[in-house]
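Input: a single structure, listed below in structure tokens.
Within every chain, numbering begins at 1; the chains are lettered A, B, ... in the order of the sequence lines, protein sequences first and strands thereafter.
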Number of protein chains: 2
Amino acid sequence: MSDTPERPAPQEPTLDEQIAAYQREYRDLDPQVEKVVSALGRLNRRMNVAYGRQLADLGISNAEWEVLKTLVLSGAPYRLGPGELAKRLGLTPAAMTHRIDRMAGEGLVTRDRDENNRVRVIVELTDEGRTKWLEAMRMATDFEEELLQDLAPEERVALGDALIRLLRRVELTQPDAGGRLTDLD
Amino acid sequence: MSDTPERPAPQEPTLDEQIAAYQREYRDLDPQVEKVVSALGRLNRRMNVAYGRQLADLGISNAEWEVLKTLVLSGAPYRLGPGELAKRLGLTPAAMTHRIDRMAGEGLVTRDRDENNRVRVIVELTDEGRTKWLEAMRMATDFEEELLQDLAPEERVALGDALIRLLRRVELTQPDAGGRLTDLD
DNA sequence: GGATCGAACTTTAGGATTGAAGTCTTGAGG
DNA sequence: CCTCAAGACTTCAATCCTAAAGTTCGATCC
């Protein structure tokens with residue numbers, strides 16, 4: 001015995017299958033709500049995987065891209081301290097130290113002491129870092145445009161509005177409190 | 001001198017501010033698209049933080065909750081092998097081994113060799129594990145209901161449909177290929 | 001002006017995850 | 001039977017992150 005027909009690939013069940021399974025185990029579940037929440041979770045996971053792959057092709061990690069984005073968003077001259085970066089990225093300063101080490105080693109940023117206040121450190125984007133950001137940005141926007149291609153302009157607006165209302169609600173309910181990233185999915 | 005007014009808290013900029021900053025640095029950016037994508041990312045991050053906090057109050061981690069969910073969704077008798085669990089959770093078998101160790105130590109699951117095929121291992125939900133899952137499930141559904149309270153029923157459906165179309169698109173574009181979770185945000 | 005408190009990083013120890021190597025059983029041949 | 005290959009976990013080394021000490025510099029208070 002022991003055939004174990006070897007299912008083609010267990011994989012994740014369909015969203016509808018998953019919701020049906022939940023309803024079997026937990027009677028008072030609102031399928032509409034669950035659908036939205038599960039779709040959000042899955043979509044995000046898939047998107048992160050997709051970004052990760054494409055960024056890897058450019059030679060940078062998702063984590064590095066976050067840092068590049070944050071520096072660029074801070075505006076010229078693209079400088080921030082490790083502590084500020086950590087706060088904006090939702091990381092501990094310790095983690096920031098290490099990331100900056102690596103990125104400085106790769107030439108994406110420079111790390112120097114602030115001459116006016118030698119306790120502070122200034123992380124600055126290099127030209128190479130800015131170039132990498134630009135490449136990644138092009139890649140990302142292409143991907144995002146492709147992702148939304150099935151939605152008409154007014155659907156996009158409606159979707160954005162709905163998401164922002166959810167965001168506002170969660171910010172209201174969960175007073176942030178620092179905003180450490182805990183886990184995934 | 002040296003007032004450093006101590007900004008109330010640097011924090012993340014507003015979504016609109018962030019998009020404006022992007023447009024300054026990258027001319028051909030579609031604000032509508034960016035709004036949707038950024039809102040998705042932020043919403044997910046906030047939600048994970050929120051889940052993490054509430055699960056911590058129950059004494060389990062986000063990671064443990066994922067395992068409990070997967071076992072329950074598999075249906076009675078709530079048994080799966082480590083490899084199968086790893087596949088469904090998008091983890092490596094090595095990581096699964098460790099998680100199961102911990103959860104077995106906490107009494108949430110049992111881990112036994114399969115008597116019919118002694119290479120295999122069977123992870124089974126304990127009553128305590130099932131109870132924890134139920135508590136977490138109640139907590140999660142309450143939170144989710146609260147999250148969506150501002151959306152009328154038909155808006156919820158529309159949102160769910162839009163998300164599913166995006167999900168379908170990303171699954172089509174990104175053939176999964178195993179589905180390892182790469183990074184966060 | 002020196003001691004002290006506080007701010008901004010860095011270092012250290014520990015947990016989690018990945019990829020690769022290792023172990024143990026099952027099943028197919030010879 | 002014995003050997004050998006494949007499958008299912010587990011163990012090992014390396015990476016990244018968090019939390020909790022350090023370190024170092026600056027500012028305030030006698």
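Between the CG atom of A:Asp114 and the C1' atom of D:dG26 there is a distance of 12 Å, given to the nearest Å. Atom CG in A:Asn117 sits roughly 10 Å away from atom C1' in D:dA27 (whole-Å rounding). For the pair B:Glu64 CD and C:dA16 P, the computed distance is 9 Å after rounding to whole Å. The separation between B:Asp101 atom CG and C:dT17 atom P is 12 Å, rounded to whole Å. In this structure, CZ of B:Arg102 is placed 17 Å from P of C:dG14, rounded to the nearest angstrom. One can place CD of B:Glu84 at 16 Å from P of D:dG7, the figure rounded to the nearest angstrom. The CG-P distance, from A:Leu80 to C:dC9, rounds to 10 Å in whole Å. With rounding to whole Å, B:Met103 atom CE is found 15 Å from C:dA16 atom C1'.
A:Tyr22 pairs in a side chain to side chain contact (heavy atoms under 4.5 Å, CB included) with only one of the listed residues (A:Gln18, A:Arg24, A:Glu25), which is A:Gln18. Shown are B:Arg99, B:Arg102, B:Lys69; of these, the salt bridge (charged side-chain N to carboxylate O under 4.0 Å, His left out) with B:Glu64 is made only by B:Arg102.
A sub-4.0 Å separation between OP1 or OP2 of D:dC17 and a side-chain N or O of A:Arg99 is present. The side chain of B:Arg111 places an N or O atom within less than 4.0 Å of a non-bridging phosphate oxygen (OP1 or OP2) of D:dT10.
Distance from the side chain of A:Leu91 is smallest for D:dT18 among the nucleotides D:dT18, C:dT10, D:dC9. Checked against C:dT18, C:dT25, D:dA19, the side chain of A:Ala94 finds its nearest nucleotide in D:dA19. Among the nucleotides D:dT18, C:dG19, C:dT26, the one closest to any side-chain atom of B:Val119 is C:dT26.
In terms of position along DNA chain D, the nucleotide closest to B:Ile122 lies nearer the 5' end than the nucleotide closest to the other residue of the pair B:Ile122 and A:His98. Nearest-nucleotide positions on DNA chain D for A:Ala95 and A:Asn116 put A:Ala95 closer to the 5' end.
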Exercise for the section: Give the intermediate values and the outcome of salt bridge (Lys or Arg N to Asp or Glu O under 4.0 Å) for residues B:Arg169 and A:Asp150. Expected result: CA-CA 8 Å; B:Arg169 172 58 57 188; A:Asp150 298 333; 3.0 Å; yes
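Among all heavy-atom pairs drawn from A:Leu15 and A:Lys35, the shortest one is CD2-O, 4.3 Å. Looking at every heavy atom in both residues, A:Thr126 comes nearest to A:Gly107 through OG1-O, 2.6 Å.
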